[in-house]
Amino acid sequence: MECPNCHKNSSKVIDSRPSDENRAIRRRRECENCGFRFTTFERIESTPLLVVKNDGTREAFDREKIMHGVMAAAQKRPVTSEEFEQIVDKVENRVRKQGVSEISSKKIGEFVMDELANVDDVAYIRFASIYREFKDMSNFMKTMEEIMRKREKSR
């Protein structure tokens with residue numbers, strides 16, 4: 001594995017453990033050249049999954065795009081990196097459990113919002129404001145009321 005620091009191809013595995021509900025292996029590595037430590041993930045290669053965008057175009061499913069969206073929504077919020085990983089893992093698992101070769105970006109967005117709602121209300125609202133493209137205050141208020149109803153039911 002190439003070191004991201006010195007770009008040499010000599011690293012050793014320090015620690016391995018299951019990740020993503022036993023669907024991946026997280027490996028902690030150390031470069032034998034410079035001593036830099038980094039993490040890699042080993043996953044089973046699965047069939048390609050295409051995301052159908054709003055304009056009808058298709059692109060390959062990319063969990064990093066979900067991670068960036070979740071991190072942007074939760075910026076400056078008390079959400080840990082482990083929670084980010086768990087959210088993305090859960091979303092990817094839900095997407096793959098659909099058993100389809102194509103899925104709409106809208107469906108993925110709904111999965112992300114479901115997971116964010118369980119972690120941080122502000123991050124949920126931030127994500128929803130972009131995802132649902134609030135045109136006016138009434139749409140925003142409807143979303144706020146939904147969150148409040150869900151909170152009341154869970155108490």
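A quick note: this is a predicted structure, and the numbers were derived from the prediction, not measured.
Residues Val122 and Val79 fall into different hydrophobic clusters, defined by Ile, Leu, Val, Met, Phe, Trp and Tyr side chains chained together at heavy-atom separations under 4.5 Å. Hydrophobic clustering, with ILVMFWY side chains joined whenever heavy atoms are under 4.5 angstrom apart, keeps Ile130 apart from Met141. With hydrophobic clusters built from ILVMFWY side chains whose heavy atoms lie under 4.5 angstrom apart, Val95 shares a cluster with Val100. With hydrophobic clusters built from ILVMFWY side chains whose heavy atoms lie under 4.5 angstrom apart, Ile125 shares a cluster with Val91.
Atom CG of Asp62 sits about 6.5 Å away from atom CD of Glu64, to the nearest 0.5 Å. For the atom pair Glu30 CD and Arg37 CZ, the distance stands at 4.5 Å (nearest 0.5 Å). Rounding to the nearest 0.5 angstrom, the gap separating the CG atom in Asp15 from the CZ atom in Arg28 is 9.0 Å. Note that CG of Asn93 is 9.5 Å distant from CD of Glu115, once rounded to the nearest 0.5 Å. For the atom pair CD (Glu32) and OG (Ser11), the distance works out to 7.0 Å, reported to the nearest 0.5 Å. Taking CZ of Arg27 as the start and OG of Ser19 as the end, the distance is 11.5 Å to the nearest 0.5 Å.
Residues Arg23 and Glu92 are not paired through a salt bridge, judged by the lack of any N-O separation under 4.0 Å between the basic side chain and the carboxylate. The pair Glu59-Lys65 counts as a salt bridge, with a side-chain nitrogen and a carboxylate oxygen less than 4.0 angstrom apart. Ion pairing between Glu102 and Lys107 fails under the 4.0 Å rule for side-chain N and carboxylate O.
Between Arg29 and Ile14, the shortest heavy-atom distance links the atoms C-CD1, 4.0 Å. In plain terms, the two heavy atoms of Phe84 and Val70 that are nearest each other are CD2-CG1, 3.5 Å. Between Asp121 and Ala117, the closest heavy-atom pair is OD1-O, 3.9 Å. Contact between Arg126 and Gln75 at its shortest, heavy atoms only, is NH1-O, 2.5 Å. Cys6 and Asn33 get closest at one heavy-atom pair: SG-ND2, 3.4 Å. The two residues Ala73 and Leu116 come nearest to each other via the heavy atoms CB-CD1, 4.3 Å.
Members clustered with Phe38: Met1, Phe36, by chain and number, using a 4.5 Å side-chain heavy-atom cutoff among hydrophobic residues.
Remark: Ser101 engages no residue in a side-chain contact (heavy atoms from CB on, under 4.5 Å) (not counting sequence neighbours).
Between Ile87 and the choices Val119, Asp120, Ile66, Asn118, the side-chain contact (heavy atoms from CB on, under 4.5 Å) rule is met once, by Val119.
In this structure, the side chains of Asp114 and Arg94 come closer than 4.5 Å at one or more pairs of heavy atoms. Side-chain contact between Ile108 and Phe61 is present, with heavy atoms from C-beta onward closer than 4.5 Å.
Residue Met67 qualifies as enclosed at atom CE: its count of foreign heavy atoms under 6.0 Å is above 12.
At distances below 3.5 Å, at least one donor-acceptor pair connects side-chain atoms of Arg58 with backbone N or O atoms of Gly56.
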message: For Glu85 and Arg63: C-alpha separation, side-chain torsions, deciding distance, then whether salt bridge (charged side-chain N to carboxylate O under 4.0 Å, His left out) applies.
response: CA-CA 10 Å; Glu85 278 293 329; Arg63 66 180 272 121; 3.2 Å; yes

